[in-house]
Amino acid sequence: MVVKSDLDAYDAMLDSIMSRTFVDGCLMDVHDLSIITLYSSMVEKARSIEILVGNRVLDSVEVIQRSMIEQSVYLKYILQKDTKRRGRAFFYGHKYKEIKD
């Protein structure tokens with residue numbers, strides 16, 4: 001089970017990556033946004049699950065967990081190979097779906 005210290009470590013890891021990667025005016029590309037957004041969203045979903053389980057409110061946990069698993073699959077796919085193209089495709093595909101809806 002994930003505990004608060006693990007979640008804090010995940011946030012610290014994201015902050016460390018951001019501070020080391022985007023320095024000296026280095027711009028964030030679209031594929032970077034996809035990766036960071038997916039990762040950050042997964043951590044927030046883990047926090048939500050932790051709170052729900054701690055309060056014994058288990059009705060929504062499966063829905064949040066499924067969404068988190070889907071995001072981990074997207075992230076793994078983007079990072080496997082051709083990261084720039086796949087990250088951009090995910091970003092623009094997601095934006096297109098939002099506009100369409």
Side-chain angles (χ1 to χ4, degrees):
M1 176 155 198
V2 176
V3 293
K4 185 178 181 338
S5 62
D6 291 336
L7 296 172
D8 292 341
Y10 297 147
D11 282 337
M13 187 168 53
L14 180 60
D15 291 340
S16 176
I17 291 168
M18 296 284 289
S19 67
R20 291 179 186 188
T21 304
F22 304 107
V23 293
D24 298 329
C26 181
L27 297 176
M28 192 177 294
D29 199 357
V30 173
H31 71 280
D32 297 320
L33 288 173
S34 295
I35 294 167
I36 290 167
T37 303
L38 284 168
Y39 179 81
S40 180
S41 180
M42 287 172 54
V43 172
E44 289 306 313
K45 283 179 176 50
R47 281 190 194 283
S48 298
I49 290 171
E50 177 196 24
I51 291 168
L52 290 171
V53 169
N55 290 308
R56 300 189 190 284
V57 180
L58 305 177
D59 296 341
S60 302
V61 170
E62 290 180 4
V63 175
I64 297 170
Q65 184 180 22
R66 178 186 170 134
S67 177
M68 191 174 161
I69 291 169
E70 288 173 357
Q71 289 178 325
S72 72
V73 170
Y74 291 142
L75 189 57
K76 184 175 180 180
Y77 178 76
I78 290 169
L79 294 173
Q80 255 179 352
K81 63 180 179 182
D82 202 10
T83 301
K84 283 189 178 188
R85 187 178 61 83
R86 289 180 177 187
R88 286 172 182 257
F90 173 82
F91 182 84
Y92 291 122
H94 190 69
K95 284 295 179 192
Y96 174 77
K97 184 179 179 296
E98 284 181 0
I99 292 168
K100 188 177 174 185
D101 290 344

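In this chain, residues are counted from 1 in sequence order.
- A single hydrophobic cluster is seen to contain both Met28 and Val30, as judged by linkage of ILVMFWY side chains at heavy-atom distances under 4.5 Å, directly or through other members.
- Here the CD1 atom belonging to Ile99 is positioned 11.0 Å from the NE2 atom belonging to His94, to the nearest 0.5 angstrom.
- Summarising the geometry of Tyr39 relative to Met13, their closest heavy-atom pair is OH-CE, 2.9 Å, with the distance given to 0.1 Å.
- One N or O on the side chain of Arg86 and one on the backbone of Tyr77 form a donor-acceptor pair closer than 3.5 Å.
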**Message:** Pair Asp11, Leu7 - check side chain to side chain contact (heavy atoms under 4.5 Å, CB included), show working.
**Reply:** CA-CA 6 Å; Asp11 282 337; Leu7 296 172; 5.6 Å; no
I'd like a table of donor-acceptor pairs (distance under 3.5 Å, sequence neighbours excluded) in which one partner is a side-chain atom from residues 56-67, with atom names and distances.
unit_1: Arg66; atom_1: NE; unit_2: Glu70; atom_2: OE2; d: 2.9

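- A salt bridge is absent between Lys84 and Asp32; no separation between the charged side-chain nitrogens and carboxylate oxygens falls under 4.0 Å.
- Here the shortest heavy-atom pairing between Thr83 and Ile35 reads CG2-CD1, 3.7 Å.
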**Request:** Go through Ser41 and Lys45 one step at a time and tell me if the side chain to side chain contact (heavy atoms under 4.5 Å, CB included) criterion holds.
**Result:** CA-CA 6 Å; Ser41 180; Lys45 283 179 176 50; 3.0 Å; yes
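- When atom types are taken as modelled, the side chain of Thr37 and the backbone of Leu33 share a donor-acceptor pair closer than 3.5 angstrom.
- By the 4.0 Å N-to-carboxylate-O rule, Asp6 lies too far from Arg47 to be salt-bridged with it.
- Side-chain N/O atoms of Lys76 and Ser72 include no donor and acceptor closer than 3.5 Å.
- When all heavy atoms are compared, the tightest approach of Gly87 to Ser34 is O-OG, 2.8 Å.
- Evaluation of the ring pair (Phe, Tyr, Trp, His ring centres under 6.0 Å) rule for Tyr74 yields Phe90 as partners, not counting sequence neighbours.
- Judged as a side-chain hydrogen bond (donor to acceptor under 3.5 Å, both in side chains), and not counting sequence neighbours, the contacts of Asp29 are His31, Arg88.
- In the hydrophobic clustering of this structure, Leu38 groups with Leu79; members are Ile, Leu, Val, Met, Phe, Trp, Tyr whose side-chain heavy atoms approach within less than 4.5 Å, directly or through other members.
- Neither Val73 nor Leu75 shares a network with the other; the hydrophobic side chains, linked directly or stepwise wherever heavy atoms of I, L, V, M, F, W or Y lie under 4.5 Å apart, form separate groups for each.
- Taking CE from Met42 and CD1 from Ile69, the interatomic distance works out to 9.5 Å, rounded to the nearest 0.5 Å.
- Remark: Tyr96 OH to Lys100 NZ distance equals 5.0 Å, nearest 0.5 Å.
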